[in-house]
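In the text below, chain A, chain B and the rest are named by the order of the sequence lines, each starting its count at 1.
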Protein chains: 2
Amino acid sequence: MGISDRKERERQELKNRILDAARQLFLDKGVDNTSIRNIAEIIEYSPGTIYHYFKDKNDILHNLHSEGFRQLRSRMTVLEAVSDPIEHLKALGRVYVQFGLENRDMYDLMFIKDEPMEFVENEEEDCWVEGSTTFDYLKKLIQKCMAKGFFPDQELEPLSFMIWSAVHGIVSLYIRNRTKILSEEIQNSIVVDALESFNKLIDQQK
Amino acid sequence: MGISDRKERERQELKNRILDAARQLFLDKGVDNTSIRNIAEIIEYSPGTIYHYFKDKNDILHNLHSEGFRQLRSRMTVLEAVSDPIEHLKALGRVYVQFGLENRDMYDLMFIKDEPMEFVENEEEDCWVEGSTTFDYLKKLIQKCMAKGFFPDQELEPLSFMIWSAVHGIVSLYIRNRTKILSEEIQNSIVVDALESFNKLIDQQK
DNA sequence: AAATATAATTGAACAGTGTTTAAATATCCA
DNA sequence: TGGATATTTAAACACTGTTCAATTATATTT
């Protein structure tokens, strides 16, 4: 059936146009200032049409959030050349932080905003694949570090979550404007400096 | 002038009633589901009245956020009995995490939500007093730890921000539902376990 | 006590939000 | 060409934060 093939293709095309419009809008106005009507205007369809391609707004935001994870993961895989696991781990933190600094809104959507998680919750499976995959990657790396004698007397799962938390904490306090406690000069470099401070902690863990 | 005294008192009273209503509403429906009209209904005034007592909604949320800081600080000061600075620091983390677990919405308002910071930004001074005071407290404590030989080769400011970040990261990933990556059994204890994992890191820093 | 000035309160309006749905239009197949 | 199917739309619903002219209440002065 060539016709239904084409129809499916056209469907996917419009779906992508909606996502493109959404991405474009929320990159230059922010997620909170992007409405369904705004998106509809760009793709030159009525607002109602969007609901035939996405369940709701959270569905759209969840799609963009997944896109962010693909971007992040492609940055992460570059580091696979680093053979020493502990150097790998420290570099991973730098890549993660860099991603957050360069893509504030995307990071916000991926790790802070409620909407994508609300969408996940309403799915039948109710599991956060993007997060799980990325976290598993981190866990395996930390396991390698432990195998080399790092992090004695630690349990893999809490340790991994803690390391993720530490780096996320730095980025999220920055993104959500809690670095106002610092003088302006320091504010600009605090994210990177705090990460290096954490990396120093790690160096002492053998 | 007794009359203007009484008027000022009445003004303050209504201001408090507005805050009480707001607190009540957002504690059992969440901040995002609390509208000015909801608050107005509880205090039995029209929505417009609220704007004669608060600049805008952010003003109200900022007031509640300050209240949260008073609560947190009163929990923190209890620990002043702990004489060993490193034990003090570890206990402070526990108190902080406990506060977050027991007051999710309040923590969210204090350290994650944009609104209170947006209010601070529009103030003439543009400084986050609540955050600064609390951070200074942490910094002084960490300075004592350093004086005892802990955290060698670290700089006070980035180190302090990093330690705050680590603990905040744990709580905020939990509050914003990013612990879905873990099995349900682990989810319940991960926050406390991750904190203890971080405390183990600290123990190695001498 | 009456008139005026000040303060407090209101209701309606504005411009937006996400979402649903009945009706209209377009496309496809027999 | 007629009927089934899919797509698109406009309008409506029930909200949101905020502003503002008009009203009501209180206080001060004549």
Side-chain angles (χ1 to χ4, degrees), chain A residues 1-19 21-22 25-26 29-65 109 113-119 121-122, chain B residues 1-19 21-22 25-26 29-65 109 113-119 121-122:
Chain A
M1 268 288 184
I3 287 175
S4 65
D5 276 9
R6 191 211 56 196
K7 279 215 158 186
E8 182 50 39
R9 221 169 44 236
E10 283 173 353
R11 236 193 115 72
Q12 201 53 57
E13 245 167 55
L14 189 44
K15 244 191 132 166
N16 284 334
R17 281 186 58 207
I18 293 171
L19 287 176
L25 274 170
F26 100 72
K29 301 202 311 172
V31 184
D32 302 323
N33 298 314
T34 301
S35 71
I36 297 286
R37 282 175 181 82
N38 293 158
I39 299 172
E41 203 173 359
I42 288 194
I43 59 166
E44 293 173 301
Y45 277 80
S46 81
T49 302
I50 293 176
Y51 287 85
H52 287 91
Y53 294 84
F54 293 94
K55 195 181 146 285
D56 53 21
K57 199 186 178 183
N58 288 351
D59 193 358
I60 297 175
L61 296 182
H62 177 262
N63 267 275
L64 293 175
H65 132 286
L109 199 52
K113 282 218 139 47
D114 279 323
E115 287 88 339
M117 291 300 114
E118 280 165 11
F119 179 80
E121 266 162 49
N122 295 334
Chain B
M1 267 288 182
I3 286 173
S4 63
D5 276 9
R6 189 212 55 195
K7 279 215 158 187
E8 181 51 38
R9 223 170 41 237
E10 283 174 353
R11 238 193 113 72
Q12 201 52 57
E13 246 166 55
L14 189 46
K15 245 190 132 166
N16 285 333
R17 282 186 57 206
I18 293 171
L19 288 177
L25 274 169
F26 99 74
K29 301 202 309 173
V31 184
D32 302 322
N33 299 314
T34 300
S35 71
I36 297 287
R37 282 175 181 81
N38 293 159
I39 299 172
E41 203 174 359
I42 287 195
I43 60 166
E44 293 174 299
Y45 277 80
S46 81
T49 302
I50 292 177
Y51 288 84
H52 286 91
Y53 293 84
F54 293 93
K55 198 179 144 285
D56 52 21
K57 199 186 178 182
N58 288 351
D59 192 358
I60 297 175
L61 295 182
H62 177 262
N63 267 273
L64 293 176
H65 131 286
L109 199 53
K113 281 218 139 49
D114 279 323
E115 288 88 339
M117 290 301 113
E118 280 165 12
F119 179 81
E121 267 161 48
N122 295 334

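Protein atom CD1 of A:Ile39 is 15 Å distant from nucleotide atom P of D:dT9, rounded to whole Å. Rounded to an integer number of Å, the gap from CD of B:Glu41 to P of C:dG11 is 13 Å. Across the protein-nucleic acid pair, B:Glu13 atom CD and C:dT9 atom C1' stand 17 Å apart, rounded to whole Å. Separating the CD1 atom of A:Ile43 from the C1' atom of D:dT9 is a distance of 13 Å, rounded to the nearest angstrom. Summarising the geometry, the separation between CZ on B:Arg17 and P on C:dT9 is reported as 10 Å, rounded to the nearest angstrom. Nucleotide D:dT16 holds its P atom 12 Å from the CG atom of B:Asp32, rounded to whole Å. One can place CG of B:Leu14 at 10 Å from C1' of C:dA8, the figure rounded to the nearest angstrom. As rounded to whole Å, 19 Å separates atom P of C:dT17 from atom CG of B:Asn33.
An OP1 or OP2 oxygen of C:dA8 is reached within less than 4.0 angstrom by no side-chain nitrogen or oxygen of B:Tyr45.
A distance-only check finds no donor-acceptor pair linking the side chain of A:His62 to the backbone of A:Asp59 [under 3.5 Å].
Within the 4.5 Å cutoff, no side-chain heavy atoms of A:Leu64 are placed close to those of A:Val31. With a 4.5 Å cut-off on side-chain heavy atoms, A:Tyr45 and A:Ile18 do not count as touching. Between A:Phe119 and A:Asn63 the shortest side-chain heavy-atom distance does not fall below 4.5 Å. For the pair B:Met117 and B:Asp114, the minimum side-chain heavy-atom distance is 4.5 Å or more.
In this structure, B:Glu41 has no side chain to side chain donor-acceptor pair (under 3.5 Å) partners at least two apart in sequence or on a different chain.
Comparing the start and finish of the helix from C:dA1-D:dT30 to C:dA30-D:dT1, five pairs each, the helix axis swings through 30°, to the nearest 10 degrees.
Taking CG from A:Asp56 and CD1 from A:Ile50, the interatomic distance works out to 12.0 Å, rounded to the nearest 0.5 Å.
Within the nucleic acid shown, B:Phe54 has no heavy atom closer than 4.0 Å to any nucleic acid atom.
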TODO: Could you encode protein contacts along nucleotides 17-23 of chain D as a string, one character per nucleotide from 5' to 3', using B for base contact, S for sugar-phosphate-only contact and - for no contact, with a heavy-atom cut-off of under 4.0 Å?
DONE: BBB----
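Each of A:Glu121, A:Glu115, A:Glu118 was scored for a side chain to side chain donor-acceptor pair (under 3.5 Å) with A:Asn58, with one residue passing: A:Glu118.
Counted by atom type alone, B:Asn122 and B:Lys55 present zero donor-acceptor pairs between their side chains at under 3.5 Å.
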